[in-house]
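Below is one structure; the comments refer to it alone.
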Number of protein chains: 2
Amino acid sequence: MQRPLLHPASEDLKLESVLYALADPMRLEIVRCLAAGDCPLNCSKAAPSHVPKSTQSHHFQILREAGLIQSERRGTEVVNSIRLDEINARFPGVIDAILKAAKPLVCPDADKA
Amino acid sequence: MQRPLLHPASEDLKLESVLYALADPMRLEIVRCLAAGDCPLNCSKAAPSHVPKSTQSHHFQILREAGLIQSERRGTEVVNSIRLDEINARFPGVIDAILKAAKPLVCPDADKA
DNA sequence: TTCAATAGTTCGATAGTCTTGAACTACCGG
DNA sequence: CCGGTAGTTCAAGACTATCGAACTATTGAA
């Protein structure tokens, strides 16, 4: 919890990294969930709960370093939000098309609505 | 050259596999090149020539099994074409947005035009 | 048919990455 | 200060990528 939580600048976003980050089912679901507006979410809420913390942490790191999400420390937890505008500005339509194509699984919190 | 060259059916295409296949710079370039209309192309023409054949073969296998390309044996070579319509039907806008976002590098044959 | 050349594939080894439990760090409430 | 909570880091095994070398299949000649 001491490291700076690095985020790439908008202009440094790489399409390959974005696609790679979204190529994993769990990461895609996290992004889908964040984009669905039930966010910002901390790590344990945004990720499927049965997945080990270390794995979650790894996936959030990939998403963060690809520039897909913005992570902020808020006390003991990390609040994540999607960098939708920046990604759309850099790669117009990519995220939207992918999110529409992603089959709408349930968000971790969606069943409580 | 004896194996059947398996292609998934349109309805079996998985978004994650498509994104994964496109997350590699060389594979993205191959797809971009095929989509640019100078196709169909055999493997050695569609891929950067300095890459070893075994690596090329591996990448084409990934693209084929993700359902991005259609490969047909024509004598001694394999002719590849992009399955644009099927992918668009299944994941509308995804490929188009990605191809537009991909920076237009030169096709291997483009400089001869 | 036999032979050499061509186009890809398969194999094996090395190097890098993913997953996960265990240990660790940071923050908050009492 | 202490226990609990939220994430991170580390290390080990499994998995995957790269690439040279050996192999297979097809073509076109002699």
Side-chain angles (χ1 to χ4, degrees), chain A residues 1-7 14 16-31 33-34 39-66 68-81 108-109, chain B residues 1-7 14 16-31 33-34 39-66 68-81 108-109:
Chain A
M1 231 110 143
Q2 63 287 28
R3 297 237 184 125
L5 284 183
L6 293 175
H7 299 80
K14 281 181 289 187
E16 287 89 345
S17 305
V18 169
L19 296 179
Y20 176 78
L22 294 174
D24 180 273
M26 173 171 156
R27 293 196 292 259
L28 180 58
E29 175 62 14
I30 291 172
V31 167
C33 191
L34 287 173
C39 47
L41 295 170
N42 63 8
C43 291
S44 40
K45 284 203 198 101
S49 50
H50 55 87
V51 177
K53 292 192 301 177
S54 51
T55 306
Q56 292 183 17
S57 187
H58 169 68
H59 284 311
F60 277 97
Q61 183 185 14
I62 301 271
L63 288 170
R64 187 185 317 122
E65 294 180 352
L68 278 163
I69 63 172
Q70 171 85 27
S71 306
E72 280 177 273
R73 303 190 195 283
R74 281 259 230 295
T76 145
E77 61 186 16
V78 174
V79 177
N80 300 285
S81 51
D109 295 333
Chain B
M1 233 107 144
Q2 62 286 28
R3 297 237 185 123
L5 284 185
L6 293 176
H7 299 81
K14 281 181 287 187
E16 287 89 344
S17 306
V18 168
L19 296 179
Y20 176 77
L22 294 174
D24 179 273
M26 173 171 156
R27 292 195 293 259
L28 180 58
E29 175 63 14
I30 291 172
V31 167
C33 191
L34 287 174
C39 48
L41 293 171
N42 63 8
C43 293
S44 39
K45 284 202 198 101
S49 50
H50 56 85
V51 176
K53 292 191 301 176
S54 51
T55 305
Q56 292 183 16
S57 187
H58 169 69
H59 285 310
F60 277 97
Q61 184 185 13
I62 302 268
L63 289 170
R64 188 186 315 123
E65 294 179 354
L68 279 163
I69 63 171
Q70 171 85 27
S71 305
E72 281 177 273
R73 303 190 195 284
R74 283 260 229 295
T76 143
E77 62 187 14
V78 173
V79 177
N80 300 286
S81 52
D109 296 332

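Throughout, a chain's letter reflects where its sequence line sits, starting with A, and its residues are numbered from 1.
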For [X] and [N], give me the distance from atom [atom1] to atom [atom2], rounded to whole Å.
{"X": "B:Q61", "N": "C:dT9", "atom1": "CD", "atom2": "P", "result": "8 Å"}
{"X": "A:R74", "N": "D:dG7", "atom1": "CZ", "atom2": "P", "result": "12 Å"}
{"X": "A:D24", "N": "C:dT17", "atom1": "CG", "atom2": "P", "result": "16 Å"}
{"X": "A:F60", "N": "D:dG7", "atom1": "CZ", "atom2": "C1'", "result": "11 Å"}
{"X": "B:Q56", "N": "C:dA7", "atom1": "CD", "atom2": "P", "result": "11 Å"}
{"X": "A:H58", "N": "D:dA12", "atom1": "NE2", "atom2": "P", "result": "18 Å"}

### Task
Please determine, for the side chain of B:S57, which listed nucleotide (C:dG8, C:dG21, D:dT8) has the closest atom?
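Given the options C:dG8, C:dG21, D:dT8, the side chain of B:S57 is closest to C:dG8.
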
### Query
Looking at the side chain of A:E77, which of D:dT9, D:dG7, C:dT10 is the nearest nucleotide?
D:dG7

### Query
How would you list, by chain and number, every residue that makes a side-chain hydrogen bond (donor to acceptor under 3.5 Å, both in side chains) with B:E16, sequence neighbours excluded?
none

Any side-chain N or O of [X] below 4.0 angstrom from OP1/OP2 of [N]?
{"X": "B:T55", "N": "D:dC19", "value": "yes"}
{"X": "B:R64", "N": "C:dT9", "value": "yes"}
{"X": "A:H59", "N": "C:dT19", "value": "yes"}
{"X": "A:T76", "N": "C:dA26", "value": "no"}

### Query
Start at the 5' end of DNA chain D and walk down; is the nucleotide closest to B:R27 or to B:K53 reached first?
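Closest to the 5' end, via its nearest nucleotide, is B:R27.
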
### Message
So which atom in A:E65 and which in A:L6 form the shortest heavy-atom distance, rounded to 0.1 Å?
### Response
CG-O, 4.4 Å

#### Entry: A:V51 versus A:Q56, closest heavy-atom pair with distance
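That would be O-NE2, 2.9 Å.
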
### Query
Looking at A:L19, A:D24, A:V18, which hits side-chain contact (heavy atoms from CB on, under 4.5 Å) with B:L19?
A:L19

